[in-house]
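Shown next, in structure tokens, is the structure this report addresses.
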Protein chains: 2
Amino acid sequence: MLELRLVQGSLLKKVLEAIKELVTDANFDCSSSGVSLQAMDSSHVALVALLLRYDGFEHFRCDRNRSMGMNINNVSKLLRCAANDDIITLKADDDSDTITFMFESPKQDKIADFEMKLMDIQNDHLGIPEAEYQAIVKMPSLEFARICKDLSSIGDTVVISVTKEGIKFSTRGDIGSANIVCRQNTTVDKPEDSTTIEMKEPVSLTFALRYMNSFTKATPLSSTVTISMSSDLPVVVEYKIAEMGYIRFYLAPKIEDDDEGYILEEKSFSFLLTQVWSFAR
Amino acid sequence: MLELRLVQGSLLKKVLEAIKELVTDANFDCSSSGVSLQAMDSSHVALVALLLRYDGFEHFRCDRNRSMGMNINNVSKLLRCAANDDIITLKADDDSDTITFMFESPKQDKIADFEMKLMDIQNDHLGIPEAEYQAIVKMPSLEFARICKDLSSIGDTVVISVTKEGIKFSTRGDIGSANIVCRQNTTVDKPEDSTTIEMKEPVSLTFALRYMNSFTKATPLSSTVTISMSSDLPVVVEYKIAEMGYIRFYLAPKIEDDDEGYILEEKSFSFLLTQVWSFAR
DNA sequence: CCGAATGTCA
DNA sequence: TGACATTCGG
């Protein structure tokens, strides 16, 4: 028996809005410690990792570990049928190949339940090593989203460079080039408006803006975002989910070919894992 | 001479928005008692009945009964030229084959008039018998609209079942099934937020969601909607128009074929009228 | 959190 | 051209 009750149902709605652009099908892995999900985008360049800890739910029961495959678009459709202030409960019997989404209005005068078939999804679960990052930047998530959106109207890729002074986003396209620098500022009224930089060494990496813009769909989940970078490692873009966990996006950097001097396509993620993360371990 | 003056012109705008998706051409029947309209949708499955009583107008003059055929889309186009706070006056000479729409701004500093040709429309006016309904549910119109919209992302048809406990909307589609139950609740702050059920006998009928969603275009006309059902009778979905009348939508239920066990297409409305309403009389 | 307006897709 | 979805503003 699986039974998860989440009073703040809007959280789950936001989580699905955050990942549905990137992921088509994914396994929701449920255990006594919570719910997690790990999935690559269709081109295997970006990876999403979601964690919702058991203690973030008002009620959490998971008798046995289960990996429940779902079509993300269908889950998203169902969750759109929930109001933002609905209480959401997920239920699945141990031997069932369906899951039930239950939406209760705050006054309990409307109760909706949706039953959805589960799918078998081949699990290409990657062990993500805990890496040491040369630079970790925390900044307002809205600002980051705005920057990625703005830059993508100029170019396709962004060079993110971190120095002690700040984080710089640069792009270049047909109509010209752009640089946006955010300085470290901790002397701000609210902590969520501050930009902080923890840096061991300056880093500069290049990414496809298309993916960055997909990541920013998670903006409603958190007022801040954390960007962790090391040379040749995938960047980690993390949105904390209050009291529950996080959603992390990993994106392989575009590698500059030394001989040719131009930028190669992204390495596929699994390639990067074996080739790059191997020496990071 | 026909002359109708309506200070709250937005009402007329909303009425046309409510019916234009369903009806292409219709006769506006004017008599000393008011304006009424009855029209079927193109597939003859749904019927719209509108009543605007004479005393809801600030000025009402109708010297002789007239049935004025109009293309609903064209009327809608004209009315979009009126601001929401405009005063609307309709005028037609007795021997004229045109009607004039006049829009006055509240301060009388702008006056627009539009003349439109009337059409001859063959009148298949149906006498709608007053029926006794097994169940009458009043609920917030927004909630009803939301439910119909949500369910139509899952399936094509809805089963509406009324019991003493509440009204249940169910559907089923490729990705799964859904049930939404609204309990009777009269203990709510505002009467327009309450859901009330008058039931003589439990009823359960199946309808095409496509039409239900068209009906909910009338939501701006009233904060509540009334759903009246009896076995094998068309459902009546009614939106009251404050101080003036109503707009009612009738929809034939889909009939389950006992022999075959599957759901037939909707009966055409005229068929239903003769076959089903005949014994209701 | 809801309603309106805009932009996109069919 | 109309309907739907998404986005912005109150």
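Chain naming here is simple, since letters A, B, ... match the order of the sequence lines and numbering starts at 1 in each. Because the structure is predicted, anything quoted here is derived from the model rather than measured.
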Note to self: What is the separation between atom CD1 on I19(B) and atom C1' on dG2(D), rounded to the nearest whole Å?
What the structure shows: 17 Å
Item checked: N74(B) CG - dG2(D) P separation (whole Å) -> 10 Å
Item checked: Nucleotide dG2(D), atom P - distance to CG of L16(B) in whole Å -> 14 Å
Item checked: Short side-chain N/O contact from N73(B) to OP1 or OP2 of dT1(D), under 4.0 Å -> no
Checklist line | Test item: side-chain donor near acceptor, T100(B) and E115(B), under 3.5 Å | finding: no
Check: Do F103(B) and F114(B) have ring centres separated by under 6.0 Å?
Finding: yes
Note to self: Within the 3.5 Å criterion, strictly below it, is a donor on S194(A) or N185(A) matched to an acceptor on the partner's side chain?
What the structure shows: no
Which donor-acceptor pairs under 3.5 Å do side chains of residues 9-20 of chain A form with protein atoms, sequence neighbours excluded?
residue, atom, partner, partner atom, Å
K13(A), NZ, L79(A), O, 3.0
K13(A), NZ, A82(A), O, 2.6
E17(A), OE2, S76(A), OG, 3.4

Item checked: Euclidean distance, atom CZ of residue R146(B) to atom C1' of dA5(D) [Å, nearest integer] -> 13 Å
Note to self: Looking only at side-chain N and O atoms, does D86(B) offer a donor or acceptor that is under 3.5 Å from a partner on S105(B)?
What the structure shows: no
Next item on the list: Using the salt bridge (Lys or Arg N to Asp or Glu O under 4.0 Å) rule, take E58(B) and R5(B) through it: C-alpha gap first, then chi angles, then the decisive distance, then the call.
Entry: CA-CA 6 Å; E58(B) 279 64 37; R5(B) 181 180 167 90; over 6 Å; no
Next item on the list: Using whole Å, report how far NZ of K13(A) lies from P of dA5(D).
Entry: 13 Å
Next item on the list: Can you tell me the distance, in whole Å, between the NZ atom of K217(B) and the C1' atom of dA4(C)?
Entry: 15 Å
Next item on the list: Calculate the interatomic distance between E17(B) atom CD and dA5(C) atom P; express it in whole Å.
Entry: 12 Å
Checklist line | DNA chain C contacts among residues 80-89 of chain A, heavy-atom distance under 4.0 Å | finding: N84(A), D85(A)
Margin query: Classify K149(B) by what it touches in the nucleic acid, base, sugar-phosphate, or nothing, heavy-atom distance under 4.0 Å.
Written below: nothing
Notebook entry, point to check: When you check the side-chain N and O atoms of T216(B) and Y239(B), is any donor under 3.5 Å from an acceptor?
Noted result: no
Next item on the list: Write down the distance between CZ (F215(B)) and C1' (dA3(D)), rounded to a whole number of angstrom.
Entry: 18 Å
Checklist line | Phosphate contact (dG2(D) OP1 or OP2) by K77(B) side-chain N/O below 4.0 Å | finding: no
